[in-house]
Trainee: 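Just passing along the structure, written as structure tokens.
As the structure is a computational prediction, the values presented were derived from the model and not from experiment.
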Number of protein chains: 2
Amino acid sequence: MSIGNQSRRGGQRRKHSEMKGIRRLAQHLDISIGTVSRALNGRPDVNEETRRRVLAAAKELGYVPNQSGRSLRQGTTNIIGFMMQTGTEITGQGDTFFMSVFDGVQAVFARHKLDLVALLCSSQEDPGDYLRRVVARGFADGVILSATQRHDPRVELLSERNIPFVTLGRTLTDAGQPWLDLDFEGMAQASIDRLVAHGHRRIAVTRPHDDVNLGYVFVERCREALAAHGLALDEDLVFRSTPNEAGGYQIGRDLLALDDRPTAIVLINETIAIGFYRALSEAGVKPGRDIAVIGRYSPHAQFLSPSLTCFRLSLRDLGVALAETLLATMPAFKHHYPHATANTLWPMELVEGASDALHIHQS
Amino acid sequence: MSIGNQSRRGGQRRKHSEMKGIRRLAQHLDISIGTVSRALNGRPDVNEETRRRVLAAAKELGYVPNQSGRSLRQGTTNIIGFMMQTGTEITGQGDTFFMSVFDGVQAVFARHKLDLVALLCSSQEDPGDYLRRVVARGFADGVILSATQRHDPRVELLSERNIPFVTLGRTLTDAGQPWLDLDFEGMAQASIDRLVAHGHRRIAVTRPHDDVNLGYVFVERCREALAAHGLALDEDLVFRSTPNEAGGYQIGRDLLALDDRPTAIVLINETIAIGFYRALSEAGVKPGRDIAVIGRYSPHAQFLSPSLTCFRLSLRDLGVALAETLLATMPAFKHHYPHATANTLWPMELVEGASDALHIHQS
DNA sequence: CATAGTTCCGTAAACGTTTACGGACGCCAA
DNA sequence: TTGGCGTCCGTAAACGTTTACGGAACTATG
């Protein structure tokens, strides 16, 4: 061992317990902090024997590098934020929805030692302010935005701050960021085609009550699909609601109150089917027998009775795609994802149930 | 303005665009970075006029302090983590469970400029490793642990690292940390009493399939409550399942296959009622008419048909209590919460529905 | 005018890392 | 012996803040 090490400086050697962090480790091993850092970070210019000792000592002393120090130096945090709002009335997406998406995102991030955290914006706070406060501070290296609005101020904020991000859902004010979205157009087309083929002529559709939701193109595509069959979309049959169980219940009540009831309905949200079923049940109306219902898949929709005919997608795969799309925009990871699939619609597949078994025979 | 400012040092004045962060701001205003920092942080020893100028310039230049630099200096991040695992099969919490809790937590945190993020631990990774990796690095000032196991290694880890934390759910290996838990004992007692009063003698109960869930005391308390009425708990009527819809469906099938069916059942999880209803429905068995069912409230349970008699709690209030309990353990906030209610059971209230309308008349 | 007190601000040292740079040392060939 | 090269490691300067300290300018008081 060479003498004149920094640990001896000033002739006085402080006790180990007085030091913290990497210094403590270096002092314990009687080597310099630079070498410790290099050893821990897998740099090549360090003796393998030394590295072994450092790693062992780190484990023994329970050393973990301080995140702030590291980030400050490197300018990177290794954290990606998934922004979502608490108070689910707005998005209508359930916990399980995001949990499944997270699963896919993390599968990709794990390969790059990136950590995913959910940025929880209170419904009390302006999302723009929130982003400014937490993300602009260099909290995360990148962001995934969900529940995008048609005009979303967060998009402008992030793009002018040059923070890599991707949105789940299209926006009208496109800042050139990559996006992924569910293929509501495809769902609209397939639903209408299917119902018309079954003889339905009066078909109801649903839409979110404001523009915060993913499916703002849904109704228009339904209209087009109907037109292709020579049918018109009756405006009385376009139902708005909050995207939750209560909203579905309300739709059910409104629908039943109509003089000229539709013979079929397409539900755009996952959760509204439950409330809708309840409203029908109270009136003795049975899905699949008295009215055809098509909805979206969710863990509980699967267990509704009669079983719901619905459109399903792999949320985990969607998460994987989101992660890859984001990383493809980040210089540090770009080369790993040369042809990530951005700006594309995510397909959904039809799961046949009993809820749309009703066929109308022309008289 | 005084001369000899640091911004003039060396005689050369770098262009604004070359500087970053607080230096840029200071140079722009031609004052020292110390003053800028004091002005931004609301320190008293700064001229009000100066403060006004600083604030205006900060807004104009879009300056936000760097989180890493600040944390490094202060040793604090102003971030509280709520740890949860992705892959919801494990927790079985319904869609909006956590969102509602978050809402309450944030209401408290907002008063102290604390930000809540969800620490998403992949189901692929060991939760202990995860905590070591992210939290021990000084990522968060405090942690809320959910879905605690009976023996939870995370508890030991956090307590030996001296990181403030609170658990939602009791643990057997108590490290002296504060906890909150749902009053499953109270639910057990009230359910059994109610069903027995309605004449039921053969009562089934459910329990999680392993010890990851909150309600490990539930079955035992049911047993005691039955014993108080002179009844024994038939072990064949203790159903285990995964805490999700599929688990509830399985319970339903198993129950219906019994030779000597129970006349009532108590479901401990929110989500299993949906699958359970489905299984009954397929067999033509109707809750409230053919069997009495008591469950837990959730946004969809409310819309089941027939309506579910269930135990409800205010998740938002629970979140508030969690936050206050955590802050009460943190030196910086302790004095705000002199008598926070830790180590207490959170009561649930009964919501009467139609699912337990079945009364048994003794023959 | 001298002194004390107040108000405001600049200076510089931390906080815990990473990393460019250079130096010490050993080895080998000329 | 000399020089060159490779291996390993120590040194010190960043990264962007906050804050203890001291000092300058000003006001009040005698």
Trainee: Determine whether the aromatic ring centres of A/His112 and A/Tyr337 lie less than 6.0 Å apart.
Mentor: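 Yes, ring centres under 6.0 Å apart.
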
Trainee: Would you give the length of the straight line joining atom CD of A/Gln27 to atom CZ of A/Arg24, rounded to the nearest 0.5 angstrom?
Mentor: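 Here the rounded value is 9.0 Å.
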
Trainee: Any side-chain donor-acceptor pair under 3.5 Å between A/Ser71 and A/Ser68?
Mentor: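 No, A/Ser68 and A/Ser71 have no side-chain donor paired with an acceptor closer than 3.5 Å.
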
Trainee: I'd like to know whether NE2 of B/His335 has more than 12 heavy-atom contacts from other residues, nucleotides or ligands below 6.0 angstrom.
Mentor: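 Buried by this count: over 12 neighbours within 6.0 Å.
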
Trainee: Is it true that B/Thr171 and B/Asp152 share a donor-acceptor pair across their side chains at a distance under 3.5 Å?
Mentor: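 Side chains of B/Asp152 and B/Thr171: no pair found under 3.5 Å.
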
Trainee: Decide yes or no on side chain to side chain contact (heavy atoms under 4.5 Å, CB included) for A/Gln67 and A/Leu72, but give the supporting numbers first.
Mentor: CA-CA 8 Å; A/Gln67 180 68 29; A/Leu72 181 56; over 6 Å; no

Trainee: Under 4.0 Å, counting only non-hydrogen atoms across every strand here, what does A/Thr50 touch: a base, just sugar-phosphate, or nothing?
Mentor: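 Sugar-phosphate: the residue A/Thr50, judged by heavy atoms under 4.0 Å, touches backbone atoms but no base.
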
Trainee: Quick one: what's the B/S/- string for nucleotides 14-24 of chain D, heavy-atom cutoff under 4.0 Å, read 5' to 3'?
Mentor: BBBBBBB----

Trainee: Please test B/Phe139 against A/Phe139 for ring pair (Phe, Tyr, Trp, His ring centres under 6.0 Å), starting from the C-alpha separation and ending with a verdict.
Mentor: CA-CA 10 Å; B/Phe139 179 84; A/Phe139 178 84; 5.7 Å; yes

Trainee: Can you measure B/Gln27 atom CD to C/dG10 atom C1' for me and round it to whole angstrom units?
Mentor: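 In whole Å, C/dG10 C1' and B/Gln27 CD are 15 Å from each other.
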
Trainee: Let me know the distance between CG of A/Asn47 and P of D/dG10, rounded to the nearest Å.
Mentor: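 My rounded result for the distance is 11 Å.
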
Trainee: Per the end-axis method with five pairs at each terminus, what is the bend angle of the helix from C/dC1-D/dG30 to C/dA30-D/dT1, to 10°?
Mentor: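 Axis angle across the helix from C/dC1-D/dG30 to C/dA30-D/dT1, nearest 10°: 60°.
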
Trainee: Is there a donor-acceptor contact under 3.5 Å linking the side chains of A/Gln106 and B/Thr86?
Mentor: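 Checked: A/Gln106/B/Thr86 side chains pair up, N/O donor to acceptor below 3.5 Å.
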
